[in-house]
S.K.: 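Below: one structure in structure tokens.
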There are 2 protein chains.
Amino acid sequence: MNISEAADRSGVSAKMIRYYESVALLKPAARRDNGYRDYGDADVSVLQFIRRTRDLGFSLEEVGALLTLWRDRKRPSREVKRLAEAHITDLERRMKETRAVLRTLRDLAQHCHGDERSECPILDDLATPPATRRRKH
Amino acid sequence: MNISEAADRSGVSAKMIRYYESVALLKPAARRDNGYRDYGDADVSVLQFIRRTRDLGFSLEEVGALLTLWRDRKRPSREVKRLAEAHITDLERRMKETRAVLRTLRDLAQHCHGDERSECPILDDLATPPATRRRKH
DNA sequence: GTTGACCTTCCCACTGTGGGAAGGTGCAGC
DNA sequence: GCTGCACCTTCCCACAGTGGGAAGGTCAAC
């Protein structure tokens, strides 16, 4: 099948399929006589795998590692789990950071009237140097 | 003061200060006779403002808008609040997405033995096309 | 006058993704 | 046949931020 059909079936754009090939995440696709890339169902499965892992926030490098493990039928599940847990830890860290930022922002927004008056605790806080800034309890 | 001192005092790297100037987030710095950029306390304050807003996850474009509002003493606080709330909404959406991903990943990792055995529900799930995949309740 | 710590500009890299140009192909309708 | 349209190919550009580093100028201490 053509690249656009593989794209439709896998949910990965043709642009990205070519890109993944160019960075060696995918093996070079088979070519027809006219030079067009030619894909089969197995290729679509790989693309769906990539799509799924990307949706779960793995980096392309991690996707590559997972693909290798996937292809190796004798891999120890330990390695897969380790990758997944490292990613979980990373997401948890980022969530925590975002939560802290959200707390701050909500607090600031709450105290801002948000009307025609120019007085604004948000800007006041943003302009306050770190050492001077004190969190309230 | 030199750029590196302004960097130290503001927490913004010299590299970034030059970059912010190049994208017109900052007004061109004053220059000494030797061509060196020259900063004063007011400049450091601006840099700290930028550093703070960046830490709160605002994009450079948003930082620019906030800076403009900050400089305009007659701005309505409504505008500031609107920007802050838009950012909050954005962060909340991303948190929600990350939470969903985390739920999935934790669920998958939990069911993976993580030992020498090759059997691995994580890879099995990643390889499952969306239509076939069913969430458990 | 040499050394080392600054400064300057300029280009490159990263992560992923999309846009688009310039040119070749394949197929359907006339 | 020929035309038009929808594909395909490669190649370059852009985005948002940030860092690395080269090549060259400056300044101060010794």
Side-chain angles (χ1 to χ4, degrees), chain A residues 1-26 28-40 43-44 46-47 49-67 86-87 90-91 94 97-98 101, chain B residues 1-26 28-40 43-44 47 49-67 83 86-87 90-91 94 97-98 101:
Chain A
M1 77 188 76
N2 275 348
I3 195 170
S4 63
E5 192 179 339
D8 286 349
R9 287 205 206 170
S10 64
V12 178
S13 73
K15 208 84 183 180
M16 279 302 102
I17 296 176
R18 292 192 199 98
Y19 174 69
Y20 292 157
E21 184 181 322
S22 82
V23 296
L25 184 62
L26 296 173
R31 299 284 184 144
R32 306 166 95 132
D33 289 351
N34 55 17
Y36 287 16
R37 287 176 182 78
D38 192 14
Y39 297 93
D43 300 307
V44 171
V46 172
L47 289 169
F49 181 99
I50 294 177
R51 173 66 203 266
R52 170 84 170 136
T53 48
R54 288 294 295 144
D55 283 352
L56 290 178
F58 287 95
S59 69
L60 284 195
E61 199 181 340
E62 290 164 330
V63 172
L66 287 169
L67 263 179
H87 185 44
D90 193 45
L91 291 181
R94 298 213 299 250
E97 287 167 9
T98 304
V101 165
Chain B
M1 77 189 78
N2 275 346
I3 195 169
S4 63
E5 192 179 339
D8 286 349
R9 287 206 206 167
S10 65
V12 178
S13 75
K15 207 86 184 176
M16 279 302 101
I17 296 177
R18 293 193 199 97
Y19 174 69
Y20 293 157
E21 184 183 323
S22 83
V23 296
L25 183 61
L26 296 173
R31 300 285 183 143
R32 305 165 97 129
D33 287 352
N34 56 16
Y36 287 16
R37 287 176 181 80
D38 193 13
Y39 298 93
D43 300 307
V44 172
L47 288 170
F49 182 97
I50 294 177
R51 173 65 203 268
R52 171 84 170 133
T53 48
R54 289 293 297 145
D55 283 351
L56 291 179
F58 287 95
S59 70
L60 286 195
E61 199 181 340
E62 290 164 330
V63 172
L66 287 168
L67 263 179
L83 252 94
H87 185 44
D90 195 43
L91 290 181
R94 297 215 297 252
E97 286 168 9
T98 304
V101 164

S.K.: B:Glu61 or A:Glu21: which one's nearest nucleotide on DNA chain D is closer to the 5' end?
M.R.: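 The residue closer to the strand's 5' end, by nearest nucleotide, is A:Glu21.
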S.K.: Base, sugar-phosphate, or nothing: which does B:Arg31 touch, judged by heavy atoms less than 4.0 Å apart?
M.R.: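 Sugar-phosphate: the residue B:Arg31, judged by heavy atoms under 4.0 Å, touches backbone atoms but no base.
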S.K.: On DNA chain D, check which nucleotide each of A:Tyr36 and B:Tyr20 is closest to and give me the residue with the more 5' one.
M.R.: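 Its nearest nucleotide being more 5', the pick is A:Tyr36.
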S.K.: D:dC8 phosphate, OP1 or OP2: any side-chain N/O from A:Ser4 under 4.0 angstrom?
M.R.: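 So the side chain of A:Ser4 is within the cut-off, an N or O lying under 4.0 Å from OP1 or OP2 of D:dC8.
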S.K.: Quick one: pull up OH in A:Tyr19 and CG in A:Leu25 and give me the separation to the nearest 0.5 Å.
M.R.: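 Separation between the atoms: 9.0 Å.
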S.K.: Quick one: does B:Tyr20's side chain get under 4.5 Å of B:Val63's, heavy atoms only?
M.R.: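 A side-chain contact under 4.5 Å is absent here.
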S.K.: Which of these, A:Leu66, A:Ile17, A:Leu67, A:Asp55, sits in a side-chain contact (heavy atoms from CB on, under 4.5 Å) with A:Ile50?
M.R.: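 The option that passes is A:Leu67.
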S.K.: From OH of B:Tyr19 over to P of D:dA16, roughly how many Å is that when rounded to an integer?
M.R.: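 Distance, rounded to whole Å: 7 Å.
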S.K.: For the residue pair A:Arg52 and A:Leu56, establish whether any side-chain heavy-atom pair is separated by less than 4.5 Å.
M.R.: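 Heavy-atom side-chain distance check passes, below 4.5 Å.
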S.K.: Before you tell me yes or no, could you show the steps for B:Glu97 and B:Val101 under side chain to side chain contact (heavy atoms under 4.5 Å, CB included), namely the whole-Å CA-CA distance, both residues' side-chain angles and the distance that decides it to 0.1 Å?
M.R.: CA-CA 6 Å; B:Glu97 286 168 9; B:Val101 164; 5.7 Å; no
S.K.: Taking for each residue the nucleotide of DNA chain C with the nearest heavy atom, is it B:Ile3 or B:Lys15 whose nucleotide lies nearer the 5' end?
M.R.: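 Final value for this comparison: B:Ile3.
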S.K.: Using a 4.0 Å heavy-atom cut-off, does B:Arg37 contact any base of the nucleic acid, only the sugar-phosphate backbone, or nothing at all?
M.R.: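 B:Arg37: backbone/sugar contact only, no base atoms under 4.0 Å.
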S.K.: Using a 4.0 Å heavy-atom cut-off across all strands, classify B:Arg54 as base, sugar-phosphate, or nothing.
M.R.: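 Sugar-phosphate, no base atom in range.
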S.K.: Rounded to whole Å, how long is the line connecting atom CZ of A:Arg32 with atom P of D:dC8?
M.R.: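 Going from CZ in A:Arg32 over to P in D:dC8 covers 10 Å.
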S.K.: When the distance from CD1 of B:Ile17 to P of D:dT18 is rounded to whole Å, what number comes out?
M.R.: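 Whole-Å distance recorded here is 12 Å.
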S.K.: To the nearest 0.5 angstrom, please state how far the OG atom of B:Ser13 sits from the CZ atom of B:Arg51.
M.R.: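 One gets 9.5 Å once the value is rounded to the nearest 0.5 Å.
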S.K.: Tell me, with the steps shown, if A:Met1 and A:Arg9 meet side chain to side chain contact (heavy atoms under 4.5 Å, CB included).
M.R.: CA-CA 10 Å; A:Met1 77 188 76; A:Arg9 287 205 206 170; 3.7 Å; yes
S.K.: Using the heavy-atom set of chain A and a strict 4.0 Å cut-off, write down the first and last nucleotide of DNA chain C that makes it in, 5' to 3'.
M.R.: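 Contacts span C:dG16 to C:dG26, reading 5' to 3'.
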S.K.: Any side-chain N or O of B:Asn34 below 4.0 angstrom from OP1/OP2 of D:dG25?
M.R.: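 No, no such contact exists.
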